[in-house]
Amino acid sequence: MCEESPESQHDRQPDRARQSQACDADRQEAVQSQPATEPAESAAESAAEPAAAPAQVPVVAVVLAAGFGTRFDARNPKQLVAVANKPVVCWSIEAFEYDPRITDIVVVVNPQVRDEVERLVDEGGYAKVRAIIEGGAERVDSTESALQMLADFGIPQDAKVLIHDSVRPFVERSSIDGCIDALDEFDAATVAMASTDTILVTEDLGDRKVVHAVPDRSDMFRAQTPQAFRFKTIRHAYELAAQDPDFHPTDDTRVVVDYLPDTRVAIVAGSESNMKITTQDDLEMVKRFAFEATRKRAIDRVQGMVRPDEA
């Protein structure tokens, strides 16, 4: 993700100092990952050496922080509200920053919070954040902006892309890794929680809603994020959706289900802590998850600093 197209330079202008450092680090890592040049060895010695491991595809987390949150507080964006002395958006970035399987992070913001998010990312030293870009009026516009940026960077078609709502600050690492693993078998996956309530499908009857159907509760799940895809899958789904004038989905899984109906979307186990902050009452509820998240992420951070051969 280090090569930047002229279009992305002109339209998105990500933070140059951080991007330059990230790209230099990427190049250094790429060089270090290449086998050192050594004198020719005998055929027998060469044959005894293990085969090189296949190259790993990028695993990119897209953190959507572009919502204006009018139901929360129009004057105080919920992405920037502190929970346990840390802004919500930082909690979400750290969930991916400290997961060693995540290679890159893209943060999508609205103009109202961009400067502050850039400052927080710099202060937090989030090295995996490659770019901070501006989103659009709706959630799908923000996702499309991120996908276009990744395409401009020439991301591989088989790259794994995890799209996450920044206002779900306490996503579990098990859910993130579950998405990454699911993409080895499926082209799409979503974190979800089994519904404990009976779900009613309704229809309009004049000015009143009435029950149309009662589906089996065992088949009902509540969608969460991240929602994960092979890049070529989610990109193609959005290309098809762009041709539909009635295109107004509320999440990315819906885009795949509606426009690529033959693509199976795997369910990955979610958690109660992965709740979405929508109102002030939600903010009070998530505070109880902060302590446990701090403990778990500290462990993840330390483990990520230890090379596998040193563990």
Side-chain angles (χ1 to χ4, degrees), residues 1-2 4 8-9 11-23 25-26 58-69 72 77-83 86-99 101-153 155 159-171 173 176 179 224-229 231 234 251-252 274 276-277 293 297 301:
M1 288 181 59
C2 293
E4 185 177 17
S8 61
Q9 289 177 355
D11 295 336
R12 294 174 175 80
Q13 300 180 349
D15 183 75
R16 294 300 174 192
R18 178 168 58 258
Q19 186 179 22
S20 175
Q21 293 172 0
C23 290
D26 283 350
V59 182
V60 182
V62 175
V63 178
L64 300 178
F68 287 92
F72 183 83
K78 58 187 173 182
Q79 305 96 312
L80 303 181
V81 171
V83 177
K86 185 181 299 182
V88 165
V89 67
C90 292
W91 283 108
S92 288
I93 292 172
E94 288 181 1
F96 299 95
E97 178 75 23
Y98 300 153
D99 188 326
R101 300 179 67 182
I102 299 294
T103 61
D104 308 276
I105 301 172
V106 175
V107 184
V108 187
V109 299
N110 64 58
Q112 180 181 350
V113 302
R114 178 168 187 160
D115 290 345
E116 182 63 10
V117 171
E118 288 183 343
R119 184 187 69 80
L120 291 170
V121 168
D122 287 337
E123 286 186 356
Y126 303 134
K128 292 181 183 179
V129 176
R130 310 303 188 200
I132 297 173
I133 65 173
E134 292 185 8
E138 298 184 13
R139 186 185 191 280
V140 292
D141 299 320
S142 296
T143 296
E144 286 185 303
S145 293
L147 295 178
Q148 184 60 54
M149 194 221 74
L150 293 175
D152 291 344
F153 272 95
I155 189 173
K160 298 179 179 182
V161 179
L162 281 66
I163 304 173
H164 184 65
D165 296 332
S166 69
V167 289
R168 293 184 184 272
F170 300 118
V171 57
R173 180 176 168 182
I176 296 173
C179 285
Q224 297 183 338
T225 65
Q227 296 178 354
F229 314 89
F231 179 67
I234 189 64
D251 73 350
D252 303 296
N274 192 24
K276 182 179 180 180
I277 299 173
R297 291 177 188 180
R301 191 174 187 181

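By convention here, the first residue in the shown sequence is residue 1. As a basis for the values below, the full set of heavy atoms in this structure was taken, side chains included, without hydrogen atoms, waters or symmetry mates.
- Taking both residues in full, the closest heavy atoms of Ile133 and Met149 are given as CG2-SD, 3.8 Å, listed atom of the first, atom of the second, then distance.
- Remark: side-chain polar atoms of Lys78 are paired, donor with acceptor, to backbone N or O of Ile277 under 3.5 angstrom.
- For the pair Lys128 (side chain) and Asp99 (backbone), a donor-acceptor distance under 3.5 Å is present.
- Here Arg168 contributes atom CZ and Leu64 contributes atom CG; the two are 11.5 Å apart, rounded to the nearest 0.5 Å.
- Listed by chain and number, the residues in a side chain to side chain donor-acceptor pair (under 3.5 Å) with Asn110 amount to none (sequence neighbours excluded).
- For the residue pair Asp141 and Gly136, the shortest heavy atom distance occurs at CB-CA, 3.6 Å.
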Subject >> Audit row: Asn274, His164, side chain to side chain contact (heavy atoms under 4.5 Å, CB included) steps and yes/no >> reply: CA-CA 11 Å; Asn274 192 24; His164 184 65; 3.9 Å; yes

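- A 4.5 Å side-chain heavy-atom check between Arg101 and Val59 finds every atom pair outside the cut-off.
- Counting heavy atoms from C-beta on, the side chains of Val83 and Phe170 come closer than 4.5 Å.
- The closest side-chain heavy-atom distance from Glu134 to Ser145 is not below 4.5 Å.
- In this structure, Arg173 and Tyr98 have side chains that are not in contact, with every pair of non-hydrogen atoms separated by 4.5 Å or more.
- Nearest heavy atoms, Arg297 versus Pro169: NH2-O, 2.8 Å.
- Separation of atoms CG (Asp104) and CG (Leu150) is listed at 8.5 Å; rounding is to 0.5 Å.
- Panel note: side chain Ser92, backbone Ser166; a donor-acceptor pair is recorded below 3.5 Å.
- Considering only heavy atoms from C-beta on, Leu120 comes within 4.5 Å of Leu80 through its side chain.
- Taking CD of Glu116 as the start and CZ of Arg114 as the end, the distance is 14.0 Å to the nearest 0.5 Å.
- The shortest distance between side-chain heavy atoms of Lys276 and Thr225 does not fall below 4.5 Å.
- Closest of all the heavy-atom pairs between Ile176 and Ile102 is CG2-CD1, 4.1 Å.
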Original post:
Hey, mind stepping through Val117 and Gln79 against side chain to side chain contact (heavy atoms under 4.5 Å, CB included) and telling me if it holds?
Top reply: CA-CA 9 Å; Val117 171; Gln79 305 96 312; 5.8 Å; no

Subject >> Audit row: Arg139, Asp252, side chain to side chain contact (heavy atoms under 4.5 Å, CB included) steps and yes/no >> reply: CA-CA 9 Å; Arg139 186 185 191 280; Asp252 303 296; 2.6 Å; yes

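- Lys86 approaches Cys90 most closely through the heavy-atom pair CG-CB, 3.7 Å.
- Put simply, the side chain of Leu147 reaches to within 4.5 Å of the side chain of Phe231, judged on heavy atoms.
- Ile105 is listed as a side-chain neighbour of Glu97, based on a closest heavy-atom distance under 4.5 Å.
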**OP:** Just do the side chain to side chain contact (heavy atoms under 4.5 Å, CB included) check on Val161 and Val62 with the steps written out, would you?
**Re:** CA-CA 7 Å; Val161 179; Val62 175; 4.0 Å; yes

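- Atom CD1 of Ile234 sits about 11.5 Å away from atom CG of Leu162, to the nearest 0.5 Å.
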